[in-house]
Amino acid sequence: MFWLFVIYLGSLSALFITSIWKIDTFTSKIIRQPTLENFLDIFTDRAYFNVTIRTLFVALSVTVICALIAIPMAFFMARIAKPKSRPILVALVISPLWASYLVKIYAWRTMFYPEKGFINWLLDPISISSPGFGMLAVIIGLTYLWLPYMVLPIYAGMDKLPNSLLDASSDLGAKSVRTFVSVVLPITWPAIMAGSIFTFSLSMGDYITVQILGGTFQMLGNVVYQNFSLNLPFAAAVALIPVLIMMVYLFLIRKSGALDSL
């Protein structure tokens with residue numbers, strides 16, 4: 001409770017207070033007077049609106065791709081693989097988390113390099129060049145980074161799935177696909193939503209991956225990073241956008257009742 005109310009909510013309050021200050025353009029000093037200039041600049045400038053939409057698109061794309069990959073992986077680990085091999089599979093899923101964040105991203109940068117990268121070499125026989133740095137590279141890089149955070153909650157949800165429900169579905173004549181869609185997915189939906197919170201929030205706030213793999217592509221985190229030392233109140237105002245988006249996202253998930261069964 002101390003961590004929640006004092007450190008976490010206190011830091012968010014400090015962020016909001018800083019966002020309503022302004023900076024003296026001549027001396028670059030912060031003027032501690034309440035103003036809404038920073039928010040007016042954000043909402044009236046088309047460029048920041050476009051950055052917000054791109055950030056939302058990337059975060060949603062990473063979340064959907066992670067879910068499409070994680071659901072069959074988790075189902076195999078929890079329901080098909082032998083019980084003795086499941087701890088090994090879990091260790092393999094989390095093993096990328098043991099490597100350095102920068103090492104993994106720079107490895108992807110090497111592969112996406114336009115002329116000498118591994119992807120360009122792989123696609124060269126079919127006369128297709130590497131997509132290079134940009135949105136696609138960022139989405140793939142973030143998907144690789146956050147995939148374990150989607151797999152593990154879904155695996156935990158499917159591991160607790162009673163065998164009697166699957167047997168009952170089979171006894172009633174449902175085939176494997178029908179059982180998976182009508183029984184497995186609805187029961188594990190809360191776990192999928194829990195994993196989506198991780199992938200969506202982590203993608204929303206990332207800026208290092210975008211700097212390394214994005215080329216000229218930018219997200220909200222990059223705007224905050226670029227303005228942090230130049231205009232701190234404006235950077236704080238931009239940083240509030242992902243916070244507000246996450247609050248809406250969590251509200252919608254909570255409203256749907258997906259988290260009530262966790």
Side-chain angles (χ1 to χ4, degrees), residues 54-114 116-123 130-160 185 188-215 217-222 225 242 246 249 262:
R54 287 200 299 265
T55 304
L56 267 174
F57 177 78
V58 170
L60 290 173
S61 299
V62 171
T63 300
V64 171
I65 295 173
C66 283
L68 293 177
I69 298 175
I71 290 174
M73 284 181 60
F75 183 78
F76 176 82
M77 293 166 58
R79 313 306 308 180
I80 298 178
K82 296 180 180 179
K84 293 183 179 180
S85 62
R86 291 174 187 173
I88 300 175
L89 294 175
V90 173
L92 291 175
V93 169
I94 65 175
S95 60
L97 301 178
W98 302 342
S100 169
Y101 178 100
L102 289 177
V103 169
K104 292 183 288 188
I105 292 303
Y106 271 107
W108 278 105
R109 178 179 175 83
T110 302
M111 288 191 287
F112 274 108
Y113 200 79
K116 301 178 181 179
F118 174 77
I119 295 179
N120 189 76
W121 172 81
L122 190 66
L123 298 177
S130 170
F133 306 129
M135 180 185 292
L136 180 60
V138 171
I139 292 175
I140 293 176
L142 291 176
T143 300
Y144 169 77
L145 286 175
W146 312 138
L147 180 60
Y149 294 96
M150 180 68 83
V151 175
L152 294 179
I154 299 177
Y155 167 76
M158 291 186 175
D159 187 52
K160 298 178 181 179
L185 283 183
T188 57
W189 183 250
I192 298 174
M193 289 295 100
S196 73
I197 294 174
F198 290 109
T199 57
F200 186 79
S201 60
L202 291 171
S203 299
M204 281 283 296
D206 192 280
Y207 71 96
I208 299 178
T209 300
V210 184
Q211 281 187 310
I212 297 174
L213 297 179
F217 179 76
Q218 286 190 332
M219 292 171 57
L220 287 173
N222 303 97
Y225 176 77
M246 277 306 305
Y249 187 75
L262 286 179

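These numbers come from a predicted model, not from an experiment.
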*Quick check: are there more than 12 heavy atoms from other residues, nucleotides or ligands sitting under 6.0 Å from CZ of Phe217?*
yes
*If you look at every heavy atom in Ala191 and Ile154, which pair is closest and at what distance?*
CB-CA, 4.0 Å
*Which atom pair, heavy atoms only, marks the closest approach of Ala67 to Pro72?*
O-CD, 4.4 Å
*asked:* Using only atom types and a distance under 3.5 Å, with no angle test, would you say the side chain of Asp206 pairs donor to acceptor with the backbone of Ser203?
replied: no
*Are side-chain heavy atoms of Met158 and Ile71 found at a separation under 4.5 Å?*
yes
*Between atom CG of Asn222 and atom OG1 of Thr55, what is the distance when rounded to the nearest 0.5 Å?*
8.0 Å
*To the nearest 0.5 Å, tell me how far Leu202 CG sits from Ile197 CD1.*
11.0 Å
_Side chains of Tyr249 and Ser201, donor plus acceptor under 3.5 Å_ = no
*Mind checking whether Leu213 and Ile140 have side chains closer than 4.5 Å, heavy atoms only?*
no
*Out of curiosity, Asp159 CG to Met77 CE, how far, rounded to the nearest 0.5 Å?*
9.0 Å
*Should the heavy atoms of other residues, nucleotides or ligands under 6.0 Å from CZ of Phe75 be counted, would the total exceed 12?*
yes
*Return the minimal non-hydrogen interatomic distance between Gln218 and Arg54, and the atom names on each side.*
O-NE, 3.5 Å
*Tyr155 versus Met73: any side-chain heavy-atom pair under 4.5 Å?*
no
*For the atom pair CD1 (Ile105) and CD (Gln211), what is the distance rounded to the nearest 0.5 Å?*
12.0 Å
_side-chain hydrogen bond (donor to acceptor under 3.5 Å, both in side chains) contacts touching residues 73-94 (sequence neighbours left out)_ = Arg79-Asn163
_Flag side-chain contact, heavy atom, 4.5 Å: Ile208 against Tyr225_ = no
*OG1-CD1 distance between Thr199 and Ile65, expressed to the nearest 0.5 angstrom*: 10.5 Å
*Heavy-atom pair with the smallest gap, counting every atom of Met204 and Met219*: O-CE, 4.5 Å
*Taking atom CH2 of Trp146 and atom CZ of Phe198, what is their separation to the nearest 0.5 Å?*
12.0 Å
*Does the pair Tyr149 and Leu97 meet the rule for a side chain to side chain contact (heavy atoms under 4.5 Å, CB included), with working shown?*
CA-CA 10 Å; Tyr149 294 96; Leu97 301 178; 3.9 Å; yes
*Quick one: are Leu56 and Phe200 in side-chain contact, heavy atoms under 4.5 Å?*
yes
*For Val62 and Leu145, run side chain to side chain contact (heavy atoms under 4.5 Å, CB included): C-alpha distance rounded to whole Å, both residues' side-chain angles, the deciding distance at 0.1 Å, then the answer.*
CA-CA 10 Å; Val62 171; Leu145 286 175; over 6 Å; no
*Residue pairs, two or more places apart or on separate chains, that pass ring-ring contact (aromatic ring centres under 6.0 Å, His included) and touch residues 88-107*: none
*State, yes or no, whether a side-chain contact exists between Thr63 and Met150 at a heavy-atom distance under 4.5 Å.*
yes
_Which atom of Val151 lies closest to which atom of Ala74, heavy atoms considered_ = O-CB, 4.0 Å
*asked:* Using side-chain heavy atoms (C-beta onward) and a distance below 4.5 Å, is Leu102 in contact with Ile212?
replied: yes
